[in-house]
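Here the structure comes first, spelled out in structure tokens, and everything after it is commentary.
What you see below is based on every heavy atom in this structure, not just the backbone, and it leaves out hydrogens, waters and symmetry mates. On a predicted model such as this, the values are computed, not experimentally measured, just so you know.
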Amino acid sequence: MGDKAPPFAVAECLVGDTPKFGDSNVIVVEFWATWCQPYVQQMARRTELQQRYKDRVQIIAITAEPKQTLQRFLESEGDYGQRRESVFDFAVAIDNNSVTSNRYVRGSGAPRVPVSFIIGQDGRIEWMGDPAGLPVVLASVLEGNWNRDAYRLTLARERKMIQQVAKDRQKIEKAAREKDWDTAFEILDTIIADRPGMPEPKMVKASYLRRAGLKDRAVVLMEEVVDECWDDHPRLAMSAAYISEHVLPGDATLAVSAAKRACDLRPEDAEYWSVLARAEQLSGDLEAALVSQRKALSLDPGSRRRAEQLVVLEELSRQ
């Protein structure tokens with residue numbers, strides 16, 4: 001954070017124009033791919049941000065995919081049956097042999113796409129992170145309340161934590177293979193204690209409790225996670241998906257409860273409805289799963305993945 005933002009090297013803008021540095025405005029650059037549904041669902045909201053902040057902010061979304069892939073995506077129907085290119089009010093571009101992506105994503109050490117960057121009026125990077133967090137941070141930057149130096153320290157701590165977790169996971173997995181559960185759970189409990197308020201370490205522990213044959217303890221721990229995330233819809237949905245696939249396959253009651261709550265909190269999110277459908281499917285309630293998956297597809301009608309999931313559910317229901 002605070003470094004001078006590298007110049008853009010896009011091959012072509014298929015929607016809008018490439019933002020120019022030095023225009024005394026804030027620039028948002030996001031790296032994404034057409035297959036990344038969580039980001040695709042947010043693109044309409046980028047139009048809302050661009051319209052809200054008008055001349056104060058320029059937004060550009062850059063993909064390294066071939067031109068024909070992006071063109072097909074832009075010409076496809078998005079929400080409300082409209083061609084996506086007709087509703088996007090921000091720049092959408094193709095990278096030039098991944099030059100811009102390498103400068104930003106690899107240069108910053110970001111783990112993957114999608115990832116967003118905010119470039120301040122002084123041409124320096126103010127923030128990088130998950131696109132879901134962009135609206136709140138962007139508002140803070142524009143209001144003059146953003147603390148770039150404090151975030152730099154936070155980001156450094158998070159990266160150090162990620163590296164440590166990777167090392168710990170290797171130790172945990174080794175102990176699990178050897179069925180040395182005392183050692184595995186001791187390491188996990190240390191991670192949990194060092195990261196209060198974070199559900200992910202508890203979810204990982206729950207999956208190892210299941211592997212150890214301690215299902216009842218896994219259920220209690222995941223109930224604790226769901227309770228702590230009850231008003232946090234992204235983490236509720238994440239917890240529901242993790243419970244369904246990794247912790248309690250075949251006993252998805254808790255996953256269904258968490259996913260329903262996420263849908264109640266954010267009913268316009270297609271991914272949450274798909275998570276609910278999967279949990280309902282695993283719980284044996286195919287009728288409910290069909291209803292939820294149809295809802296997901298109605299919210300994201302251009303999604304091939306959701307359409308394919310619906311076909312699978314319909315075939316299962318006929319068996």
Side-chain angles (χ1 to χ4, degrees), residues 1-51 53-76 78 84-85 87-135 137-138 141-142 146 148 151-152 155-156 158-159 162:
M1 298 307 102
D3 293 337
K4 199 74 175 175
F8 300 141
V10 301
E12 184 178 354
C13 258
L14 298 191
V15 178
D17 300 309
T18 304
K20 294 181 174 60
F21 292 100
D23 286 349
S24 298
N25 53 16
V26 172
I27 296 174
V28 171
V29 55
E30 301 189 293
F31 296 91
W32 68 295
T34 57
W35 49 258
C36 183
Q37 284 302 313
Y39 180 79
V40 169
Q41 290 171 24
Q42 296 183 51
M43 294 188 83
R45 298 169 200 161
R46 294 301 179 262
T47 289
E48 294 172 5
L49 285 178
Q50 185 66 83
Q51 292 174 345
Y53 296 123
K54 296 183 179 177
D55 297 334
R56 300 180 65 195
V57 175
Q58 297 181 72
I59 300 175
I60 181 170
I62 301 175
T63 178
E65 295 170 294
K67 178 178 179 178
Q68 57 268 32
T69 300
L70 179 58
Q71 192 68 61
R72 281 197 302 269
F73 171 81
L74 293 171
E75 292 173 355
S76 66
R84 288 187 165 96
E85 62 184 349
V87 296
F88 291 165
D89 200 16
F90 56 94
V92 183
I94 303 165
D95 204 356
N96 186 0
N97 294 318
S98 298
V99 171
T100 314
S101 176
N102 289 337
R103 288 172 177 172
Y104 280 83
V105 182
R106 286 192 179 181
S108 66
R112 61 190 179 278
V113 296
V115 62
S116 304
F117 293 80
I118 297 177
I119 303 167
Q121 291 179 317
D122 60 358
R124 298 186 179 277
I125 296 175
E126 295 283 348
W127 174 84
M128 61 162 282
D130 189 311
L134 173 73
V137 179
L138 180 59
V141 169
L142 293 171
W146 180 247
R148 183 170 64 197
Y151 181 69
R152 183 194 297 117
L155 188 62
E158 288 179 352
R159 286 180 174 173
I162 290 170

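With a 4.5 Å cut-off on side-chain heavy atoms, Val57 and Leu49 do not count as touching. Side-chain contact between Ile119 and Phe21 is present, with at least one heavy-atom pair separated by less than 4.5 Å. With a 4.5 Å cut-off on side-chain heavy atoms, Tyr53 and Val26 do not count as touching. Inter-residue side-chain proximity for Ser108 and Asp3 is flagged as unmet; no heavy-atom pair is nearer than 4.5 Å. Taking the side chain as every heavy atom from C-beta outward, Val40 and Trp32 approach each other to under 4.5 Å. Here the side chains of Gln71 and Leu14 are in contact, with some heavy-atom distance below 4.5 Å.
Within 6.0 Å of CG on Asp17 lie no more than 12 heavy atoms contributed by other residues, nucleotides or ligands.
If you take CZ on Arg148 and CH2 on Trp127, they are separated by 15.0 Å, rounding to the nearest 0.5 Å. With rounding to the nearest 0.5 angstrom, the OG1 atom of Thr34 is 9.5 Å from the CZ atom of Arg84. To the nearest 0.5 angstrom, Arg46 atom CZ is 5.5 Å from Ser116 atom OG. With rounding to the nearest 0.5 angstrom, the CD atom of Glu30 is 9.5 Å from the CG atom of Asp130.
Qualifying ring-ring contact (aromatic ring centres under 6.0 Å, His included) partners for Tyr104, counting only residues two or more places apart in sequence or in other chains: Phe8, Phe31, Phe117. Here Lys4 pairs with nothing under the salt bridge (Lys or Arg N to Asp or Glu O under 4.0 Å) rule; sequence neighbours left out.
Checked against Asn25 for a side chain to side chain donor-acceptor pair (under 3.5 Å), the options Gln121, Arg56, Gln58 give a single hit: Gln58. Exactly one residue among Leu134, Ile27, Ile125, Val29 makes a side-chain contact (heavy atoms from CB on, under 4.5 Å) with Ile118. That residue is Leu134.
Counting all heavy atoms, side chain and backbone alike, Pro6 lies closest to Arg103 at CB-CB, 3.8 Å. For the pair Gly16 and Cys13, the tightest heavy-atom approach, listed with the atom from each and the gap, is O-CB, 3.4 Å.
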Side-chain donor/acceptor pairs under 3.5 Å, residues 88-99, sequence neighbours excluded:
unit_1, atom_1, unit_2, atom_2, d
Asp95, OD1, Thr100, N, 3.1
Asp95, OD1, Thr100, OG1, 2.9
Asp95, OD2, Thr100, N, 3.3
Asp95, OD2, Ser101, N, 2.8

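At least one donor-acceptor pair under 3.5 Å links the side chain of Trp146 to the backbone N or O of Glu126.
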